[in-house]
Amino acid sequence: MAKFILIAVFMVVLIANFASSEVPASSGVVVGSSNPKEEGNKLAMVQEEEDMDGGFSSLDGMLQWAIGHSDPGVLKERSEVAQRMSPEELNKRQTELKELMEKLKMPSDAQLMLIAVNDLDNSSLPLEHHLRALEELLVLVEHIDNAIDLQKLGGFSVLIRILNHSEPEIRTAAAWVLGKASQNNPIVQKQVLELGALTMLMKMMKSHTMEEAVKALFAISALIRNNMNGQSLFYQEAGDTMLQEVLSNSNLDIRLHKKSLFLIADLAESQLENENTAEVSFFNNRLLLKAIADSMASSDLDLTEKALYAIKNILLLRSTEVQLFKDFCKLNEVLERTRQQLNDHREEYAMDVESLRKEVNLTFLQKLNKVTQAAL
């Protein structure tokens, strides 16, 4: 705090002594002036639209903060001492003050993102630098405005390009950043989709590196959630086949199974909420439906619950061919086996999953009954 009191004191004195040369005629106290960035500079374009985070953007900002957080009596006493300084001493103090401000001033989020993007774009830097840049972006893009600004800095183009990087660690981290930036952010979703990221992320699902596949699926889900254009593209790119292959492969990380089931449930719910949208064949892919039903056989209750939610939402769709669930998926038998399996669990969570199983079973029987009645 003492440093900031001194800052306030010396700035008041400097302003009084150099008002003619350093204080503009406009209201407010400003020492010195900042030169605007050249037109077209990426960073300036972002900073024009945001309040700078971290540090002080000007001497005026530092002055206002220092005065506001100083004791008036102490400030007056030290001001009187400072006023007795010679011009040479004041000039020295002014130089020291500017140096101190530079040390105290922290870079803005926009500046940090630009540094990270430039590092990623520099292929001559070692792998460690690229990974550190991606780690920094992962934190920064959690703020929705930062995620939007990243496009203005050329960040998404760079991130999508390095999805083809030779190192799986880089591809994994890039997918993670894209997913974080796209979460609940329709502006970013649109930007990333237009740059062709979805197709590349879907190809990454075939990676032999499990973490890469997990982060790719995370990014895919974030990119198309509540985004009808993204979902349409996902369907066109055979998203049903991609998910069916994941669910049918018991050797894959269980996280991939859970994320796949969650995505399917979310897509079905989105279809329900947009009744005017033409329903797609995605939800009548019998191999996919069977893979979902078979997932209930897992001893992992969380996986069973996610499979039940997916089936429940699909059954609620008008176009669902319930006979596929009955004849091909043997859903009635699967639901009964799941009931018996849940009875072996004593925890409260199992009771919640059983309640969901009963709800799915009722929905299934009601829909099956409607089809049977209509056939008579």
Side-chain angles (χ1 to χ4, degrees), residues 34-55 57 102 105-204 207 209 211-212 214-216 218-224 227 230:
S34 58
N35 295 323
K37 299 288 185 183
E38 293 182 4
E39 188 174 350
N41 181 281
K42 294 177 182 177
L43 183 58
M45 186 170 65
V46 172
Q47 291 177 336
E48 286 173 3
E49 300 175 9
E50 69 172 12
D51 291 324
M52 299 299 289
D53 294 323
S57 59
E102 288 304 314
K105 184 176 179 180
M106 296 295 291
S108 69
D109 285 357
Q111 290 170 322
L112 291 172
M113 287 194 298
L114 184 59
I115 292 170
V117 170
N118 287 339
D119 282 353
L120 288 173
D121 205 25
N122 187 347
S123 59
S124 65
L125 292 178
L127 179 67
E128 292 74 18
H129 281 66
H130 288 171
L131 287 172
R132 185 164 59 248
L134 287 165
E135 289 172 0
E136 291 170 356
L137 287 177
L138 187 64
V139 174
L140 290 166
V141 298
E142 287 187 2
H143 192 294
I144 191 169
D145 291 330
N146 285 347
I148 293 172
D149 288 340
L150 187 57
Q151 168 67 1
K152 302 170 188 176
L153 300 173
F156 292 138
S157 297
V158 174
L159 285 168
I160 292 170
R161 189 182 73 245
I162 62 176
L163 290 178
N164 284 321
H165 199 279
S166 59
E167 291 292 335
E169 285 181 281
I170 296 294
R171 298 194 301 268
T172 300
W176 197 1
V177 174
L178 287 170
K180 275 289 181 72
S182 300
Q183 279 186 313
N184 305 311
N185 196 330
I187 295 175
V188 170
Q189 286 176 331
K190 182 176 184 294
Q191 293 169 342
V192 176
L193 284 168
E194 289 176 348
L195 291 170
L198 183 60
T199 302
M200 299 175 70
L201 290 166
M202 291 177 71
K203 289 180 180 177
M204 288 171 64
S207 173
T209 306
E211 199 61 34
E212 180 179 349
V214 169
K215 290 301 186 289
F218 163 73
I220 291 168
S221 299
L223 197 53
I224 67 177
N227 188 302

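His130 places a side-chain N or O within donor-acceptor distance of the main-chain N or O of Asp119, the cut-off being under 3.5 Å.
More than 12 heavy-atom neighbours from other residues, nucleotides or ligands sit within 6.0 angstrom of CG on Leu125. Heavy atoms of other residues, nucleotides or ligands lying less than 6.0 angstrom from CG of Asn122 number more than 12.
Looking at every heavy atom in both residues, Gly179 comes nearest to Ala222 through O-CB, 3.3 Å. Of all non-hydrogen atoms in Ala110 and Leu153, the two that sit nearest each other are O-CD1, 3.7 Å. Taking both residues in full, the closest heavy atoms of Lys180 and Phe218 are given as N-CE2, 3.6 Å, listed atom of the first, atom of the second, then distance. The two residues Gly230 and Leu198 make their nearest non-hydrogen contact at O-CD2, 3.8 Å. Heavy-atom minimum distance, Ala147 versus Ala181: CB-O, 3.8 Å. The two residues Ala175 and Ala219 make their nearest non-hydrogen contact at O-CB, 3.3 Å.
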Open item on the list: Let's go through Ser207 and Glu212 carefully: what are the C-alpha distance in whole Å and the side-chain angles of both, what is the deciding distance for side chain to side chain donor-acceptor pair (under 3.5 Å) to 0.1 Å, and is it a yes or a no?
Closed with: CA-CA 7 Å; Ser207 173; Glu212 180 179 349; 2.8 Å; yes

- [ ] Under the salt bridge (Lys or Arg N to Asp or Glu O under 4.0 Å) rule, what do Arg132 and Glu128 come out as? Steps first, then yes or no, please.
- [x] CA-CA 6 Å; Arg132 185 164 59 248; Glu128 292 74 18; over 6 Å; no

Open item on the list: Please determine whether side chain to side chain contact (heavy atoms under 4.5 Å, CB included) holds for the pair Leu150 and Val117, giving the CA-CA distance in whole Å, both sets of side-chain angles, and the decisive distance to 0.1 Å.
Closed with: CA-CA 9 Å; Leu150 187 57; Val117 170; 3.8 Å; yes

Task: Stepwise side chain to side chain contact (heavy atoms under 4.5 Å, CB included) check, Leu178 with Leu223 - done: CA-CA 8 Å; Leu178 287 170; Leu223 197 53; over 6 Å; no

TODO: Decide yes or no on side chain to side chain contact (heavy atoms under 4.5 Å, CB included) for Asn146 and Val141, but give the supporting numbers first.
DONE: CA-CA 5 Å; Asn146 285 347; Val141 298; 5.5 Å; no

Open item on the list: Does Gln191 form a side chain to side chain contact (heavy atoms under 4.5 Å, CB included) with Ile187? I'd like the steps, not just the answer.
Closed with: CA-CA 6 Å; Gln191 293 169 342; Ile187 295 175; 3.8 Å; yes

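Taking 4.5 Å as the limit, some side-chain heavy atom of Glu169 sits within range of a side-chain heavy atom of Leu127.
Note that NZ of Lys190 and CG of Leu195 are 10.0 Å apart. Values are rounded to the nearest 0.5 Å. In this structure, Arg171 CZ and Lys203 NZ are separated by 13.0 Å, a value rounded to the nearest 0.5 Å. Considering CG of Leu138 and CD of Glu136, their distance stands at 11.0 Å, rounded to 0.5 Å. Going from atom CD of Gln183 over to atom CD of Gln189 covers 9.5 Å, rounded to the nearest 0.5 Å. Atom CG in Asn185 sits 4.5 Å away from atom CD1 in Ile148 (nearest 0.5 Å). Interatomic distance, OG of Ser182 versus CG of Asn227, reported as 9.5 Å (0.5 Å rounding).
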Can you give the donor-acceptor pairs under 3.5 Å from side chains of residues 154-165 to other protein atoms, not counting sequence neighbours?
from   : atom 1 : to     : atom 2 : distance (Å)
Arg161 : NH1    : Asp121 : OD1    : 3.3
Arg161 : NH2    : Asp121 : OD1    : 2.7
His165 : ND1    : Glu167 : N      : 2.9

